[in-house]
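All remarks here apply to the structure that follows.
Order of appearance sets the numbers: ligands from 1, and atoms from 1 within every ligand. In this text, all values refer to a predicted model and were calculated from it rather than measured experimentally.
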Amino acid sequence: MSYKKKDFPTHNVRRFLEVGPIVLVSSAHKGETNIMTMGWHMVMEFSPSLVGCLISSGNHSFEIIKASRQCVINLPTEDLATTVVKIGNTSGRNIDKFKTFALTPKPAEQVRAPLIDECYANFECRLSDSSWVGKYNVFVFEVVKAHVAASPKYPKTIHYRGDGEFMISGENTSRWRRLFRPGML
Ligand SMILES: Cc1cc2nc3c(=O)[nH]c(=O)nc-3n(C[C@H](O)[C@H](O)[C@H](O)COP(=O)(O)O)c2cc1C
């Protein structure tokens, strides 16, 4: 298939590339907890399990995570979409987001940041590399413990396309599985 294409503003290519699931990042420091919504994350390595996260320096979470060097990446599903947007449009500087959005903090095993019980999965993270924080606000975390719901197998995750538009995860298929080399699966 050949597409007829036109020039597209480079600052908007995120609309096509930014389709990883939206996550909620929970954090804690000196008795305070917080949550932020995050779409700009990137898997960087299998083992150790590394994930790069862009956390803007204007966010309260930035201060908490920079000081505590830990967080939990929580995976919300479609039923939490309203809360996900509201969390992303408020700051923990002014409110307690766990209380305001009636979310349940659950103790993590390896970090002090709490898990969000209502999320499908929770990934406990420790800061692995802070060398990109100063330049890009990117924290490279190692996932040190993962908690994932037993079912459903394919959660309805939410994916941000920019400009207020979301995509809900849809069809799953193994149709092209046989084309992979075993090491590439
Ligand atoms: C869909 C969505 C995606 C977002 N993605 C990011 C992101 O990747 N990085 C970031 O720094 N902020 C992102 N934000 C904005 C933060 O969630 C927002 O600034 C939040 O209120 C910060 O909270 P805090 O000040 O309590 O840390 C996103 C917001 C929304 C609604």
Check if [X] has a non-hydrogen atom at a distance under 4.0 Å from any atom of ligand 1.
{"X": "Arg93", "value": "no"}
{"X": "Lys97", "value": "yes"}
{"X": "Val84", "value": "no"}

> Between the side chain of Arg126 and the main-chain N/O of Gln110, is any donor-acceptor distance below 3.5 Å?
Replying inline: yes
> Is there a donor-acceptor pair closer than 3.5 Å between any side-chain N or O of Lys106 and the backbone N or O of Leu115?
Replying inline: no
>> Give me the atom names and distance for the closest heavy-atom approach of Ser91 to His60.
In response: OG-CB, 3.8 Å
> Taking side chain as C-beta onward, heavy atoms only, is Val143 less than 4.5 Å from Glu124?
Replying inline: no
> Do Leu24 and Ile87 touch side chain to side chain, with heavy atoms closer than 4.5 Å?
Replying inline: yes
When you measure from [atom] to every protein heavy atom, which one gives the shortest distance, and what is it?
{"atom": "atom 27 (O) of ligand 1", "value": "Ser61 OG, 2.6 Å"}
{"atom": "atom 10 (C) of ligand 1", "value": "Met36 CE, 3.4 Å"}
{"atom": "atom 21 (O) of ligand 1", "value": "Thr90 O, 2.5 Å"}
{"atom": "atom 8 (O) of ligand 1", "value": "Trp40 N, 2.8 Å"}
{"atom": "atom 19 (O) of ligand 1", "value": "Asn59 OD1, 2.9 Å"}
{"atom": "atom 26 (O) of ligand 1", "value": "Gly92 N, 2.6 Å"}
{"atom": "atom 5 (N) of ligand 1", "value": "Gly39 N, 3.1 Å"}
{"atom": "atom 9 (N) of ligand 1", "value": "Leu54 O, 2.8 Å"}

May I ask you to list the atoms of ligand 1 that are less than 4.0 angstrom from any heavy atom of [X]?
{"X": "Ile87", "answer": "20 (C), 21 (O)"}
{"X": "His60", "answer": "24 (P), 25 (O), 26 (O), 27 (O)"}
{"X": "Ile55", "answer": "11 (O)"}

> Among the clusters formed by ILVMFWY side chains lying less than 4.5 Å apart, do Val43 and Val23 turn up in the same one?
Replying inline: no
>> Once rounded to the nearest 0.5 Å, what's the spacing between atom CD1 of Ile65 and atom SG of Cys71?
In response: 5.0 Å
> How long is the gap from OG1 on Thr157 to OH on Tyr120, to the nearest 0.5 Å?
Replying inline: 9.5 Å
> Do Phe141 and Phe123 have ring centres separated by under 6.0 Å?
Replying inline: no
> Out of Ser56, Ser91, Gly88, whose heavy atom sits nearest atom 29 (C) of ligand 1?
Replying inline: Gly88
Do any N/O atoms on [X] end up under 3.5 angstrom from N/O atoms on ligand 1?
{"X": "Phe166", "result": "no"}
{"X": "Asn34", "result": "yes"}
{"X": "Phe62", "result": "no"}

>> Applying a heavy-atom cut-off of 4.0 Å, say which part of Ile22 lies close to ligand 1: side chain, backbone, both or neither.
In response: side chain
> How does Thr37 reach ligand 1, if at all, at less than 4.0 Å between non-hydrogen atoms: by side chain, backbone, both, or neither?
Replying inline: both
>> Please enumerate all residues that pass salt bridge (charged side-chain N to carboxylate O under 4.0 Å, His left out) together with Glu165, with sequence neighbours excluded.
In response: none
>> Ring-plane angle category for Phe62 and Phe139, please: parallel below 30°, perpendicular beyond 60°, tilted otherwise.
In response: perpendicular
> When you look at OH of Tyr136, are more than 12 heavy atoms from neighbouring residues, nucleotides or ligands closer to it than 6.0 Å?
Replying inline: no
